[in-house]
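One structure is given here, and the rest of the page talks about it.
Order of the sequence lines sets the chain letters (A, B, ...), proteins ahead of strands, with each chain counted from 1.
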Amino acid sequence: MDANANMHLTLNVWRQKNNSTEGGFETYEVSDVSPDMSFLEMLDVLNERLVHEGKEPIAFDHDCREGICGSCSMYINGRPHGPLKGVATCQLHMRTFKSGDTIAIEPWRAVAFPVLKDLVTDRSAFDRIIASGGFVSVNTGNARDANSLPVAKENADDAFMAASCIGCGACVAACKNSSAMLFVSAKISQLALLPQGQAERKIRAEKMVAQMDAEGFGACSNTGACSAECPKEISLDTIARTNREYLGAKLTSSVV
Amino acid sequence: MATSPLLDAKIPAGPLEEKWNRYRSSVPLVNPANKRRLEIIVVGTGLAGASAAATLAELGYKVKAFCFQDSPRRAHSIAAQGGINAAKNYQNDGDSVYRLFYDTVKGGDYRSRESNVYRLAEVSGSIIDQCVAQGVPFAREYGGLLSNRSFGGVQVQRTFYAAGQTGQQLLLGAYSALERQVGIGAVKMYSRHEMLDIVMIDGKCRGIIARNMVTGELERHAGHAVLICSGGYGNVFYLSTNAMGSNATAAWKAHKRGAFFGNPCFTQIHPTCIPVSGEHQSKLTLMSESLRNDGRIWVPKKQNDNRNPNAIPEDERDYYLERRYPAFGNLVPRDIASRAAKERCDAGYGVGPSKMAVYLDYTSAIERYGRAEANKNNLFNATPEQIIQMGKAVVKEKYGNLFDMYKQITGEDPYEVPMRIYPAVHYTMGGIWVDYNLMTTVPGLYALGEANFSDHGANRLGASALMQGLADGYFVIPYTIGAYLANEIRSGDISTNHEAFVRTEQEVKERIEKLLSINGKTSPEQFHRRLGKIMWDKCGMARNAEGLKEAIQEIRALRKEFWSDLRVVGTANELNPELDRAGRVADFIELGELMCLDALNRNESCGGHFREEFQTEDGEALRDDENYMYVAAWQYLGESQWELHKEDLVYENIKIAQRSYK
Ligand SMILES: Cc1cc2nc3c(=O)[nH]c(=O)nc-3n(C[C@H](O)[C@H](O)[C@H](O)COP(=O)(O)OP(=O)(O)OC[C@H]3O[C@@H](n4cnc5c(N)ncnc54)[C@H](O)[C@@H]3O)c2cc1C
Ligand code: SF4
Ligand code: FES
């Protein structure tokens with residue numbers, strides 16, 4: 001055990017067997033938590049104990065544990081990814097908490113993200129939104145020399161900022177309407193800012209927004225909770241840009 | 001020596017520079033109508049798999065793609081930080097296809113196949129073109145052109161990047177190309193699916209058995225070809241920079257069904273990772289090699305120096321890489337930088353609480369950049385504080401996300417105090433043996449990306465894995481697969497009711513039942529941890545014959561214990577991460593044994609494989625070209641039994657030398 005493992009915590013964790021059964025909170029006491037542990041390592045320790053006791057460990061999505069794959073996804077004390085701004089759950093460390101704290105842990109709550117088990121949800125709706133238009137239609141082998149297409153540095157930088165979305169779904173989880181507008185806008189903005197994205201600019205905005213609606217995400221009421229909770233701090237400007245793109249597209253729409 | 005008759009690399013004839021072009025224009029084609037009737041299964045949708053699946057679908061093949069994450073966008077490739085190489089020579093600094101080829105073969109310590117590496121260098125430029133066309137937002141200069149940085153083991157600037165998130169941007173590019181094909185129905189995507197075996201019919205690979213990880217259902221999928229793009233196996237060491245889910249299962253199942261495993265002991269230990277902080281540690285975090293562009297690595301000149309690093313004066317610091325390797329300095333290849341760090345720590349010069357760390361210092365870079373900014377902005381009287389502030393801003397733009405990550409994990413601010421770093425397992429050069437077409441020793445079964453053994457020899461250069469994954473997927477397999485599929489157009493649909501599918505599914509089912517029925521006391525996690533410790537201690541950064549022999553015995557004992565004392569809670573018919581883990585750990589244990597066997601067989605040091613018995617006087621790796629200039633390809637014969645086959649490496653276009661970076 002770690003020499004400095006000295007924190008004690010009470011966890012209220014959402015447990016749900018599968019999509020067709022009802023879930024509920026269960027309470028666990030964990031001690032010997034080190035402030036250097038990540039939040040997920042703290043759950044690992046609890047899970048090891050549960051397995052040892054012959055109980056099912058808490059299921060949660062995770063993979064890179066570096067804040068980049070977007071797998072980890074949970075409310076920590078009511079906030080997507082917990083209390084720190086710009087930090088995904090896997091990068092949250094226990095030094096953020098105090099010994100004696102009680103922490104509530106829940107899966108994303110949104111109609112479009114059904115719970116599969118415990119903290120694991122189905123976010124495949126995001127893939128379908130990308131499949132509807134979140135790309136540049138260019139087949140392999142058709143590209144011209146990369147430097148034949150200069151891009152102003154500010155545009156490249158802004159496009160990169162938008163493209164850094166990790167597809168975690170915290171924006172949806174943070175929104176009282178469960179809108180996916182920030183996720184969708186991040187992709188629309190990235191491609192609208194680049195010359196490569198121009199040809200399909202209108203149709204992309206229309207199709208992605210239509211798919212978002214079809215998946216059961218709610219409408220955007222510009223509250224800004226999404227951007228405040230986004231671990232990559234995707235800016236609300238992307239939403240403003242998308243609204244312009246979408247309106248522009250609708251005015252000249254060929255899609256019905 | 002002579003190459004084993006079972007290992008025909010199918011290298012096209014002709015001069016090196018013309019092999020690929022000529023071959024590409026002579027490879028049999030499959031006409032569009034026939035492509036629609038041919039099904040290809042792609043296991044894994046990281047850079048290699050996503051690029052392959054998208055491109056093959058664009059060409060008209062029917063494609064099914066599988067990944068174990070909930071979305072293809074989350075493959076481990078997403079975490080790659082530093083960059084991707086290409087011989088574009090945009091910096092006009094003397095780069096060329098030949099130089100990239102040469103650097104890669106030399107960096108790999110002359111243990112890779114010339115023809116494959118040359119092809120990789122040849123297609124590297126097209127990768128950048130393709131990614132830019134997809135809208136990948138690479139870093140750019142003010143003039144709007146692409147920016148480059150340097151990576152280890154080379155003296156030109158050929159690395160393209162997107163801040164410290166290059167893998168993310170490249171994967172999202174490949175993912176969007178893949179989703180575009182999913183959207184039009186050309187690819188059927190199976191997320192949260194794990195391939196658990198391949199199916200062999202009449203000596204050819206004809207499909208896979210996969211488990212739906214949400215319902216637990218076993219599924220049969222038939223295909224005329226199967227592509228294993230399942231990534232590397234660094235997690236055999238338990239602690240590594242790989243994602244938690246990265247595993248060897250797909251590659252290992254293929255191996256057990258006849259695919260030879262190439263150079264399994266070739267592991268890359270990356271020099272700059274955040275050191276272990278305690279027992280709870282679940283994975284290690286990389287601090288990108290790009291940081292060595294600007295950071296300087298040092299330890300105190302005095303042993304056990306506990307002073308705050310900022311209080312240690314310049315002349316009491318040992319910049320040991322600059323001292324030992326003046327020509328390449330902090331940019332020596334990874335294997336060399338890692339061993340040098342271990343040497344200093346073992347000798348008692350390490351820093352930090354565990355003393356198993358060295359400093360990576362940004363002070364001079366911050367000052368240098370600050371001064372350049374001041375000049376650029378005509379601030380000729382800037383104060384030292386202003387200079388430092390401007391310098392920090394530049395460093396933030398280049399490496400901001402890495403600095404933030406370091407701070408998040410360690411609680412220390414690297415803009416103020418030097419980072420503490422230590423080597424960690426990062427990448428596996430070994431993998432499934434493939435020929436020039438990327439086909440394994442099993443007809444119809446291919447391996448791409450980190451899962452194959454091909455291009456990096458005994459040590460991979462930084463920023464070359466992303467290049468290889470995308471080369472394999474976008475530009476190699478779409479052509480080479482024709483050589484096989486052109487003969488499959490008459491095969492027709494493959495029935496999943498075939499006896500081989502039924503039997504293989506049954507075998508998979510029995511194994512799952514076995515894992516669940518042992519009912520012992522020890523979790524998969526505990527077994528994994530113990531395997532990792534054996535591997536790190538005895539088959540890690542330094543190896544010797546005695547230790548390797550012990551390791552083999554210990555691993556066999558561990559395997560026995562695993563199959564008699566494993567505890568897996570939950571059932572087979574539900575989402576059960578414990579069960580997933582148990583199956584993967586079982587495979588890691590077997591692979592670990594083979595890695596030790598391979599390391600024991602290779603009585604030389606080369607690249608990342610350092611046998612303590614074989615070193616020069618000043619501690620550098622000592623190769624034995626006469627006896628070991630071959631690829632060791634292992635054939636599985638049964639539990640703990642393998643036969644070694646050798647593929648001789650022939651260098652016709654490169655002069656073999658002792659690698660020197662001094
Ligand atoms: C932290 C880090 C940073 C790195 N930075 C760089 C860098 O800057 N430059 C560079 O060139 N390289 C870098 N690398 C190396 C590089 O990222 C990898 O080698 C490369 O991304 C591997 O790509 P891949 O497509 O082969 O495999 P992966 O991206 O690992 O993808 C594997 C795929 O296989 C699937 N899979 C695996 N097993 C199964 C199964 N049984 N059934 C179904 N699906 C399965 C997974 O779901 C996934 O989709 C880095 C590596 C690490 C760890
Ligand atoms: S916009 Fe932010 S919160 Fe939403 S999916 Fe992307 S990274 Fe997550
Ligand atoms: S586990 Fe990958 S972002 Fe958290």
Chain A interface, residue from B/Lys521, B/Glu58, B/Glu525, B/Glu574 that has the most non-hydrogen pairs under 4.5 Å = B/Glu58
Do A/His93 and A/Asp36 have side chains that get closer than 4.5 Å, going by heavy atoms?
-> no
A/Gln198 side chain to A/Arg201 side chain, donor-acceptor N/O pair below 3.5 angstrom | yes
Listed by chain and number, what are the ring-ring contact (aromatic ring centres under 6.0 Å, His included) partners of B/Tyr175, not counting sequence neighbours?
-> none
Mutual orientation of the aromatic rings belonging to A/Phe97 and A/Phe39 [parallel < 30°, tilted 30-60°, perpendicular > 60°] | tilted
Below 4.5 Å from any heavy atom of chain A, which atoms of B/Thr410 appear? Answer side chain, backbone, both or neither.
-> backbone
Heavy-atom distance under 4.5 Å to chain B: side chain of A/Glu41, backbone, both or neither?
-> side chain
Residue pair A/Leu191 / A/Gln196, side-chain heavy-atom distance below 4.5 Å = no
A/Ser71, part contacting chain B, at a heavy-atom distance under 4.5 Å | both
Among B/Lys88, B/Gln408, B/Met189, which residue forms the greatest number of heavy-atom pairs with chain A at distances under 4.5 Å?
-> B/Gln408
Between B/Ile78, B/Val182, B/Leu59, which residue shows the highest count of heavy-atom pairs closer than 4.5 Å to chain A?
-> B/Ile78
Please state whether the side chain, the backbone, both or neither of A/Asp145 comes within less than 4.5 Å of a heavy atom of chain B.
-> both
Relative to chain B, which of A/Ser38, A/Gly67, A/Pro150, A/Ala59 shows the most heavy atom pairs under 4.5 Å?
-> A/Pro150
Select one option (side chain, backbone, both, neither) describing which atoms of B/Gln169 are under 4.5 Å from chain A's heavy atoms.
-> side chain
Does any donor atom in the side chain of B/Ser71 or A/Asp127 lie under 3.5 Å from an acceptor atom in the other side chain?
-> yes
Could you look at A/Ser164 and say if it's the side chain, the backbone, both or neither that has a heavy atom under 4.5 Å from chain B?
-> both
Could you check which of B/Gly173, B/Ser523, B/Ser246, B/Ala243 has the highest count of heavy-atom pairs closer than 4.5 Å to chain A?
-> B/Ala243
For chain B, which residues from residues 134-142 of chain A lie under 4.5 Å away (heavy-atom distances)?
-> A/Gly134, A/Phe135, A/Val136, A/Ser137, A/Val138, A/Asn139, A/Thr140, A/Gly141, A/Asn142
Could you check which of B/Glu578, B/Glu397, B/Arg192 has the highest count of heavy-atom pairs closer than 4.5 Å to chain A?
-> B/Arg192
Can you tell me if A/Asn19 uses its side chain to pair, donor with acceptor, with the backbone of A/Val115 under 3.5 Å?
-> yes
Side chain, backbone, both or neither: which part of B/Gln69 has an atom under 4.5 Å from a heavy atom of chain A?
-> side chain
Will you find, in the side chains of A/Ser124 and A/Asp122, an N or O donor that is under 3.5 Å from an N or O acceptor?
-> yes
Considering only heavy atoms, which portion of B/Leu284 lies under 4.5 Å from any heavy atom of chain A: side chain, backbone, both, or neither?
-> backbone
What part of A/Thr121 lies closer than 4.5 angstrom to a heavy atom of chain B: side chain, backbone, both or neither?
-> backbone
Which answer fits A/Leu40, side chain, backbone, both or neither, if we ask what part of it has an atom under 4.5 Å from a heavy atom of chain B?
-> neither
Sort B/Leu172 into side chain, backbone, both or neither according to what part of it lies under 4.5 angstrom from a heavy atom of chain A.
-> side chain
When A/Ser185 is tested against each of A/Thr242, A/Thr238, A/Asp237 for side chain to side chain donor-acceptor pair (under 3.5 Å), which residue passes?
-> A/Thr242
Under 4.5 Å heavy-atom distance to chain B, tell me which part of A/Phe60 shows up: side chain, backbone, both or neither.
-> neither
Turns out that what part of A/Glu154 lies under 4.5 Å from chain B's heavy atoms comes down to neither
List, one per line, each side-chain donor-acceptor pair under 3.5 Å for residues 131-142 of chain B, sequence neighbours excluded.
residue, atom, partner, partner atom, Å
B/Gln134, NE2, B/Tyr474, OH, 2.8
B/Arg140, NH1, B/Gly144, O, 2.7
B/Glu141, OE2, B/Ser147, OG, 3.1

Can you find a side-chain donor-acceptor pair between A/Asn18 and A/Thr21 that sits under 3.5 Å?
-> yes
For chain A, the option from B/Val214, B/Asn401, B/Asp70 that forms the most heavy-atom pairs under 4.5 Å = B/Asp70
Is the backbone of A/Gly70 close enough, under 3.5 Å, to the side chain of B/Arg74 for a donor and an acceptor to pair up by distance?
-> yes
Is the NZ or CZ atom of B/Arg584 both under 6.0 Å from the centre of the six-membered ring of B/Phe68 and within 45° of that ring's axis?
-> yes
Would you say the side chains of B/Thr522 and B/Asp565 form a donor-acceptor pair under 3.5 Å?
-> yes
Go through the atoms of A/Arg95 and report whether side chain, backbone, both or neither lie under 4.5 Å from a heavy atom of chain B.
-> side chain
Would you check if A/Val87 and A/His81 make a side-chain contact, meaning some heavy-atom pair closer than 4.5 Å?
-> no
Side chain, backbone, both or neither: which part of B/Thr285 has a heavy atom under 4.5 Å from chain A?
-> both
The side chain to side chain donor-acceptor pair (under 3.5 Å) partners of B/Tyr406 (sequence neighbours excluded) come to none
Which word best sums up how the rings of B/Tyr190 and B/His193 line up, parallel for under 30°, tilted for 30 to 60°, or perpendicular for over 60°?
-> perpendicular
